[in-house]
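Protein chains get the first letters and strands the later ones, always in sequence-line order, with residue 1 at the start of each. No hydrogens, no waters, no symmetry mates; every other heavy atom, side chains included, goes into these values.
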Amino acid sequence: MSKKVYVGMSGGVDSSVTAALLKQQGADVTGVYMKNWSQDLPGMVCPWKDDYQDAKRVAVQLGIPFKMYDFEAEYRHKVVNYMLEEYKAGRTPNPDIMCNQEVKFKLFLETALEDGADMIATGHYARIKDGRLYAGLDPNKDQSYFLCRVTEDALRHTLMPIGEYEKPQVRALARQFGLYTANKKDSQGICFVGKVGIKDFLREFVQDLPGDGDIIDQRGTVVGRHDGALFYTIGQRQGLGVGGGLPYYVVGKDMAKNEVYVTADLQDPRLWHRDITLASPHWINGEPASGQRYAVRTRYRADLVPVTSLTKNKDGTWQVLLEDEVRAVTPGQSTVVYEGEHVVGSGIVI
RNA sequence: UGGGGGUUGGCCAAGUGGUAAGGCAACGGGUUUUGGUCCCGUCAUUCGGGGGUUCGAAUCCCUCACCCCCAG
């Protein structure tokens, strides 16, 4: 008897091909659309109905059962609220990592298993072997960064067939299978919420937004005004509205004073870090061992940077010392530890 | 109201007689399942106002306005 696999189908190409490949391999596939968000936002109509329709169409094409799980309440609670609290605290959260941790590889997995599934599958560009997570084969699309907080147990119940392919191959497969979504544009933005400006999103949901404040440069001069410190993130260049000479990059902010600090000097030490403290560590298959050669990624799609040392502090946080300085390490973002292509785990930058 | 310097697009800034560089910002697009970064494109018929010289001026002259510095 073949395995029952529940595939998370978002209505995009990647998850469509995931379902098709598994079906082709002889699995007993069921498609599931997770409804995590349905609210329209300023300047954006929520695309969930279209996405649902697309996923459903593909399921019909493949001749597989299709259902919908409604996780809106949990998504709002676990992902959106977390995100809002982080922004209010002056940090820059990564909602998609939280979504994977709490929704896709926890809630969805548990619900599917209770529903009779043996495994789940998703359209992520990453690979799983023996409960270990590896980068996707296509370095350009690798999404292992976002999966850094899933558990080994979840990995042992998950398939990610797309991770073995490169994006153009996936597109080609979609056409070969004749999938309805073969030429659908890749999605962007906060997963499920859609393409909405972060400012618009925060304005909609954060109460008591601060007012305008000063933008202060490396010499302590007020060079401009901003409309709320929480809207800005470290390393940011666009959106400051301050011209004259060289571009400015955000190097820090003071939430209490509602001030944003910038520099026009690319050598400004506040823009570079080689010593990072990580809170909330999560090691997928156990803590890092000493003597291993690790590398770290401090943002999605950032270059891997070799690690000099990775040690546990007394208070449970971890200390990462890098071989090279990295630009714009940002509190709230995850630093993901790799051993070659293997994802060891991650922590959140303090 | 003695002298000197200055006024070029939102900002910085080239250009001193031949018909407005460049950078920043902004806007548009691309890349991107966070936020950013990054890449590409667009952006002064016009050079503080007025007048004059010249085939032709942002560039020379006159004048008015404002700013800065030194004298006080």
Strictly below 4.0 Å: does [X] bring a side-chain N or O up to OP1 or OP2 of [N]?
X	N	answer
A:Arg237	B:C38	yes
A:Tyr249	B:C38	yes
A:Lys185	B:U33	no
A:Lys141	B:U33	yes
A:Tyr87	B:G35	no

Grab the [atom1]-[atom2] distance between [X] and [N] for me, whole Å please.
X	N	atom1	atom2	answer
A:Arg297	B:U37	CZ	C1'	14 Å
A:Gln218	B:C24	CD	C1'	14 Å
A:Asp217	B:C11	CG	C1'	14 Å
A:Asp227	B:A26	CG	C1'	15 Å
A:Gln238	B:C24	CD	P	10 Å
A:Arg225	B:A26	CZ	C1'	20 Å
A:Asp51	B:U33	CG	P	15 Å
A:Asn100	B:U33	CG	P	13 Å

Counting any heavy atom closer than 4.0 Å, what does [X] reach on the DNA or RNA strands: base, sugar-phosphate only, or nothing?
X	answer
A:Gln236	sugar-phosphate
A:Gly239	sugar-phosphate
A:Leu240	sugar-phosphate
A:Gly245	base
A:Ser334	nothing

Gap in Å between the two [atom1] atoms, one belonging to [N] and one to [M], rounded:
N	M	atom1	result
B:C47	B:U16	C1'	13 Å
B:G36	B:U31	C1'	13 Å
B:G22	B:G29	P	23 Å
B:U37	B:A21	P	28 Å
B:U8	B:U59	P	13 Å
B:G18	B:U45	C1'	16 Å
B:A13	B:A25	C1'	14 Å
B:G72	B:A14	P	32 Å

Of the candidates B:U34, B:G35, B:U32, the side chain of A:Asp96 sits closest to B:U34
Picking from B:U37, B:U34, B:G35, which would you name as closest to the side chain of A:Arg327?
B:U37
Take A:Tyr232 and A:Gly241, find for each the nucleotide of RNA chain B with the closest heavy atom, and name the residue whose nucleotide sits nearer the 5' end.
A:Gly241
Nearest nucleotide by nearest heavy atom, which residue falls closer to the 5' end of RNA chain B, A:Asn94 or A:Pro247?
A:Pro247
Would you call the rings of A:Phe108 and A:Phe71 parallel, tilted or perpendicular, taking 30° and 60° as the class edges?
perpendicular
Over 12 non-hydrogen atoms of neighbours within 6.0 angstrom of OH in A:Tyr294
yes
Enclosure of A:Lys78 NZ (heavy-atom neighbours >12, cutoff 6.0 Å)
no
Does NZ or CZ of A:Arg299 come closer than 6.0 Å to the centre of the six-membered ring of A:Tyr145, within 45° of the ring's axis?
no
Do the numbers put A:Lys129 on top of the ring of A:Tyr134, so that NZ or CZ is under 6.0 Å from the six-membered ring centre and no more than 45° off the axis?
yes
Donor-acceptor pair, A:Asp28 side chain versus A:Ser2 backbone, under 3.5 Å?
no
What form does the base of B:U33 take, syn (within 90° of 0) or anti?
syn
Starting from the C-alpha separation in whole Å, work towards a yes-or-no answer on side-chain contact (heavy atoms from CB on, under 4.5 Å) for A:Glu102 and A:Tyr82.
CA-CA 11 Å; A:Glu102 295 294 331; A:Tyr82 149 78; over 6 Å; no
Watson-Crick or G-U wobble partner for B:G48, using a 3.5 Å limit on both distances?
B:C64
Partner of B:G15 by Watson-Crick or G-U wobble geometry, both contacts under 3.5 Å, or none?
B:U8
Has the side chain of A:Gln333 got a donor or acceptor that lies under 3.5 Å from a partner of the other kind on the base of B:U34?
yes
